[in-house]
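Before any comments, here is the structure.
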Amino acid sequence: MPTRPITQAAQTLQDAPRPSAGRALPQPDVSSDGAGTLHEAALLLEQGTLETLAGSFDSALQHLVRAKQLAVKAAGLELETLVQCRIANIHIMQGLYPDALAICLDEIAEVERRGGSPHLARLLNSLGFTYHFLGEQAKARKSLLRCIELARGSGDRMIESLALDSLANTELAEGQVDAARAHIDQSILLLRELGNEDYLAEYLITLAQVVEAGGGDGRAHLIEALSLSRRLRLSRHEAQALYHLGRLDGRHQRVDEAQTQLEHALRLADRIGDGRLGYLCCHALSALFKGQRRFREALQQFEAYHQRKEALRSDTAELRVRYLEIRFRTVHAEQMKEQAQLRNQALEAEVRRRADLLKEAERLARFDALTGIYNRRHFRDEAKATLARCAKAGLHACLILFDADHFKQINDNWGHAVGDLALQEISRALREGARQDDLFARYGGEEFVMLLPGAAAHQALAAAQRMLEQVSVRGLAFDDNTLPLSLSAGVAAWQDGVSLDALIKLADAALYQAKAQGRNRVVLAT
């Protein structure tokens, strides 16, 4: 699916000159009056826009926050609204959909409170696409239809075109292929009439997916998107086109072409910093190699997929902390405009709110959002400290790696929502089977890890077997169904001097043997 917020961020500003993406923006001479401050804010907004296109999200966010502060200082409400929209788009691209949703909803409420804004349609488009990524297609449709109505009423054909493409993606997700085709065709027609090629590659990728969903061949549209993105040097669209071409070639058994396209897309994704596209490419390569019975390469790509996805989760957790700090700074800037007698009281309340938010963000950075148990990052930090204590006290320790059996089949047959319920049920059963001092975490995907300080190998084996039996007996009850669940496990006994990475590697090898021996069993590393 093409990434709407990227091209949204590229919309030309009416009140600031647009340099080429290859040039640094000149530093302005800013006067002390409001016009100079707004001019500086507009240039910072443009700098953030260009950095967003280049995938430099950290730097873009810093420039946009500064633009927001200056817009607040100069009472530039419309520029402030546009900056908020750009910040929301960065959060969408980073996969922080709840945060993007909060930004859009807050800003839309503010715009409506003051009686409207020329940028309201743009905000509604971002809101609609955020709902789309969150799987709330009915809400997405409502926001996008309102956006289209506003855009048509104001004659803003560019925003109308953007929203029609967003609507086509939403309808495609709902299985409404005919409606999606009508809207993407309309969107492309509008774009061609405007003579704007910046968005055409993105729309062609959407069109190719719609054609494929209708049983046709979207290859020609993807090739056109690839050619156009290369001519215009739109690296992100080029990577997206290559990814979809690779998947299409794989489905049609053009293996060599598919591998070439996906590997090229992966290199581009890494270069521009698109972590989500990177792990999707690894997943597609793993499926391609598996279909060719190239199991070693398939396993390598599958491991890379999980590592990249987990790394992106960790990065987005850090970004959430930074955003909370940013939100504090911008709210503080707005409060400075209030009456002097209320300023101190408001600031103290905001400082307390910031402290609470940062505490919550720190908690989110340690825990897995789906299961509520520790995440991989926190486990590694705590496990190293635990092993150091065991070494000092002369204690045994064992590590167990668990992996859900046939988890892909659960997702494929029952859907990802049921897959999430299965992971939650598994984590509950394992947590109930753990001792108070055991360190338990979700290691990535459908894999869990447990460190048992003070446990010898035979004790860890017995504990793992007991927990596997508990998972198997319980299964997953939902609606009127009971879904069978089972785990495979690898146990590794720790010795003083063995690193955590080496211990995990031993357990992983034992887990691999358990899978090879038929699953639903425990194997001790030798």
Side-chain angles (χ1 to χ4, degrees), residues 303 306-307 310-311 313-314 317 359 362-368 371-405 423 426-473 486-517 519-526:
E303 290 174 343
H306 279 295
Q307 289 168 1
E310 184 63 31
R313 285 198 185 104
S314 297
K359 286 180 182 178
E362 290 170 0
R363 188 190 70 80
L364 291 174
R366 295 169 53 219
F367 288 90
D368 176 62
T371 60
I373 61 177
Y374 288 134
N375 59 24
R376 176 190 189 126
R377 186 183 209 181
H378 184 72
F379 172 82
R380 291 183 62 85
D381 291 342
E382 289 297 313
K384 289 175 183 177
T386 300
L387 290 178
R389 290 194 295 271
C390 288
K392 186 175 181 179
L395 297 175
H396 294 291
C398 287
L399 185 140
I400 309 173
L401 271 180
F402 301 92
D403 189 88
D405 294 332
L423 292 175
I426 289 169
S427 69
R428 278 193 292 269
L430 294 178
R431 183 164 47 190
E432 290 171 6
R435 303 171 304 173
Q436 183 175 354
D437 293 335
D438 293 340
L439 184 61
F440 176 47
R442 184 180 178 190
Y443 204 63
E446 62 271 21
E447 198 169 37
F448 299 84
V449 63
M450 188 179 293
L451 181 65
L452 290 72
H458 71 278
Q459 294 171 315
L461 275 172
Q465 186 60 51
R466 184 177 65 254
M467 285 184 273
L468 259 63
E469 290 172 359
Q470 180 68 7
V471 168
S472 180
V473 167
S486 70
L487 301 176
S488 298
V491 177
W494 172 77
Q495 295 179 352
D496 192 5
V498 175
S499 70
L500 176 62
D501 286 334
L503 187 64
I504 292 172
K505 187 174 181 180
L506 286 170
D508 191 52
L511 173 60
Y512 185 83
Q513 292 180 30
K515 293 283 188 181
Q517 292 175 15
R519 296 181 172 82
N520 195 20
R521 65 193 62 224
V522 183
V523 171
L524 176 66
T526 56

Could you go step by step and tell me if Glu446 and His306 meet the side chain to side chain contact (heavy atoms under 4.5 Å, CB included) rule? CA-CA 10 Å; Glu446 62 271 21; His306 279 295; 3.9 Å; yes
Run the side chain to side chain contact (heavy atoms under 4.5 Å, CB included) test on Val471 and Phe402 for me, step by step, so that the C-alpha distance in whole Å, both residues' side-chain angles and the decisive distance to 0.1 Å come before the verdict. CA-CA 11 Å; Val471 168; Phe402 301 92; over 6 Å; no
Please determine whether side chain to side chain contact (heavy atoms under 4.5 Å, CB included) holds for the pair Phe379 and Leu451, giving the CA-CA distance in whole Å, both sets of side-chain angles, and the decisive distance to 0.1 Å. CA-CA 9 Å; Phe379 172 82; Leu451 181 65; 4.1 Å; yes
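Of the possible donor and acceptor atoms, one in the side chain of Gln459 sits under 3.5 Å from a partner among the backbone N and O of Ala456. Side-chain atoms of Arg435 come within 3.5 Å of backbone N or O of Pro453 as a donor-acceptor pair. No side-chain donor-acceptor contact under 3.5 Å links Arg389 to the backbone of Leu387. No donor-acceptor pair under 3.5 Å is formed between the side chain of Ser472 and the backbone N or O of Leu468.
Residues that satisfy the salt bridge (Lys or Arg N to Asp or Glu O under 4.0 Å) test with Asp403, not counting sequence neighbours, are Lys515. A search for salt bridge (Lys or Arg N to Asp or Glu O under 4.0 Å) contacts involving Arg431 returns nothing, not counting sequence neighbours. For the salt bridge (Lys or Arg N to Asp or Glu O under 4.0 Å) test, residues two or more places apart in sequence or in another chain that qualify with Arg380 are Asp501.
Between Leu511 and Leu401, the shortest heavy-atom distance links the atoms CD1-O, 4.0 Å. When all heavy atoms are compared, the tightest approach of Ala514 to Ser488 is CB-CB, 4.1 Å. Shortest non-hydrogen contact noted between Ala510 and Leu524 is CB-C, 4.2 Å. The heavy-atom pair separating Asp496 from Ala391 by the smallest distance is OD1-CB, 3.5 Å. Between Arg442 and Phe448 the shortest heavy-atom distance is CA-CD2, 3.9 Å. When every heavy atom of Ile373 is checked against every heavy atom of Ala441, the shortest pair comes out as CD1-C, 3.5 Å.
Using a 4.5 Å heavy-atom threshold, the side chains of Leu399 and Leu506 count as separate. In this structure, the side chains of Met467 and Val522 stay at 4.5 Å or more apart for every pair of heavy atoms.
The CG atom of Asp405 sits 6.0 Å away from atom CG of Asn520, with the distance rounded to the nearest 0.5 Å. For the atom pair CD (Gln465) and CG (Leu487), the distance works out to 11.0 Å, reported to the nearest 0.5 Å. Separation of atoms CG (Asp368) and NE2 (His378) is listed at 12.5 Å; rounding is to 0.5 Å. Put simply, CG on Leu452 and CH2 on Trp494 are 13.5 Å apart, with the number rounded to the nearest 0.5 Å. The line from CZ of Arg376 to CD of Gln307 is 6.0 Å long, rounded to the nearest 0.5 Å.
Within 6.0 Å of NE2 on His396 lie no more than 12 heavy atoms contributed by other residues, nucleotides or ligands. Annotation for Gln495: atom CD does not count as buried by contact number, only 12 or fewer foreign heavy atoms lying within 6.0 Å.
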